[in-house]
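Step one of this worksheet: look at the structure below.
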Amino acid sequence: KAGVTQTPRYLIKTRGQQVTLSCSPISGHRSVSWYQQTPGQGLQFLFEYFSETQRNKGNFPGRFSGRQFSNSRSEMNVSTLELGDSALYLCASSLARNTGELFFGEGSRLTVL
Amino acid sequence: TQLLEQSPQFLSIQEGENLTVYCNSSSVFSSLQWYRQEPGEGPVLLVTVVTGGEVKKLKRLTFQFGDARKDSSLHITAAQPGDTGLYLCAGEETSGSRLTFGEGTQLTVNP
């Protein structure tokens, strides 16, 4: 079956702009989690959605937001981009809540200039 | 949030050598997972350990969960260039609310 699909794979933005990233989970998976990966910080948890509801949130400012649709697809949005937002944003899906095996997408590489 | 520390951060070895990667915390985890991430890819699950003291083997990889469920190790025997990648440990918090990842160990196996 198809894996987790993230779009776009690469994007370049400038400071102050906003960006929306998309994630399509594995068919049948209802939980979607988002992580930010940077060389110095590793994988930092952003948030988790399950059945269209945000179930858990990491320690990120309010500029980072997300949502999940009825078909389990998820989007995350970052507003007023800062240089430090440059990172690989990874989406992971799982059958149940944010535990058990996570299936990751290839990520969206965001560069903020 | 419970924290996980991995060591070493970087490891460069020759093909055929053995190595061990450590994942430590002061907190207890319900379970611990190990992932491997290759360039341009997302992490892929290697194993999940659940019981304190548990040892799991996956070909040349041996995973151990500490008796107190606070730490874990990954041992690779006779490393091969194909083992090159970023190895991440991830602990399931006892509250069951999230997975916490370590910063990873970047392994390079030179032919």
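Throughout, a chain's letter reflects where its sequence line sits, starting with A, and its residues are numbered from 1. This structure is a prediction, so every number in the text was calculated from the model and none was measured.
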Check your understanding: Are B:L61 and B:K59 side-chain neighbours, meaning at least one heavy-atom pair lies under 4.5 Å?
Key -> no

Check your understanding: Regarding B:S7 and B:N24, is there a side-chain donor-to-acceptor distance under 3.5 Å anywhere?
Key -> no

Review point. Under the ring pair (Phe, Tyr, Trp, His ring centres under 6.0 Å) test, which residues partner A:F60, sequence neighbours left out?
Key: A:F64

Check your understanding: Who pairs with B:D83 by side-chain contact (heavy atoms from CB on, under 4.5 Å), at least two apart in sequence or on another chain?
Key -> B:R36, B:R60, B:I76, B:A79, B:Q80, B:Y87, B:L107, B:V109

Revision key, fill the gap. Within residues 103-113 of chain A, contacts to chain B at heavy-atom distances under 4.5 Å involve A:F104, A:G105, A:E106

Exercise for review: Determine, stepwise, if the pair A:F47 / A:Y49 fulfils ring-ring contact (aromatic ring centres under 6.0 Å, His included).
Suggested key: CA-CA 7 Å; A:F47 25 65; A:Y49 287 88; 5.6 Å; yes

Check your understanding: Could you name the residues of residues 81-93 of chain A that have a heavy atom within less than 4.5 Å of a heavy atom in chain B?
Key -> A:L88, A:L90

Check your understanding: chain B heavy atoms under 4.5 Å from A:Q37: which part of the residue, side chain, backbone, both or neither?
Key -> side chain

Point to revise | Residue pair A:Q68 / A:S74, side-chain donor-acceptor N/O under 3.5 Å | key: no

Point to revise | Any side-chain donor near an acceptor of the partner, A:S31 and A:E48, under 3.5 Å | key: yes

Check your understanding: Quick check: does any side chain N or O of B:R69 sit under 3.5 Å from a backbone N or O of B:G52, one acting as donor and the other as acceptor?
Key -> no

Review point. Could you go step by step and tell me if A:N77 and A:T20 meet the side-chain hydrogen bond (donor to acceptor under 3.5 Å, both in side chains) rule?
Key: CA-CA 4 Å; A:N77 184 278; A:T20 299; 2.9 Å; yes

Check your understanding: Who among B:E103, B:Q9, B:Q6 has the most heavy-atom pairs with chain A under 4.5 Å?
Key -> B:E103

Practice item. For B:Y35 and A:L102, indicate whether the former's side chain and the latter's backbone hold a donor-acceptor pair under 3.5 Å. Key: yes

Review point. Backbone N or O of B:L19 within a donor-acceptor pair of the B:H75 side chain at under 3.5 Å?
Key: yes

Review point. What part of B:Q37 lies closer than 4.5 angstrom to a heavy atom of chain A: side chain, backbone, both or neither?
Key: side chain

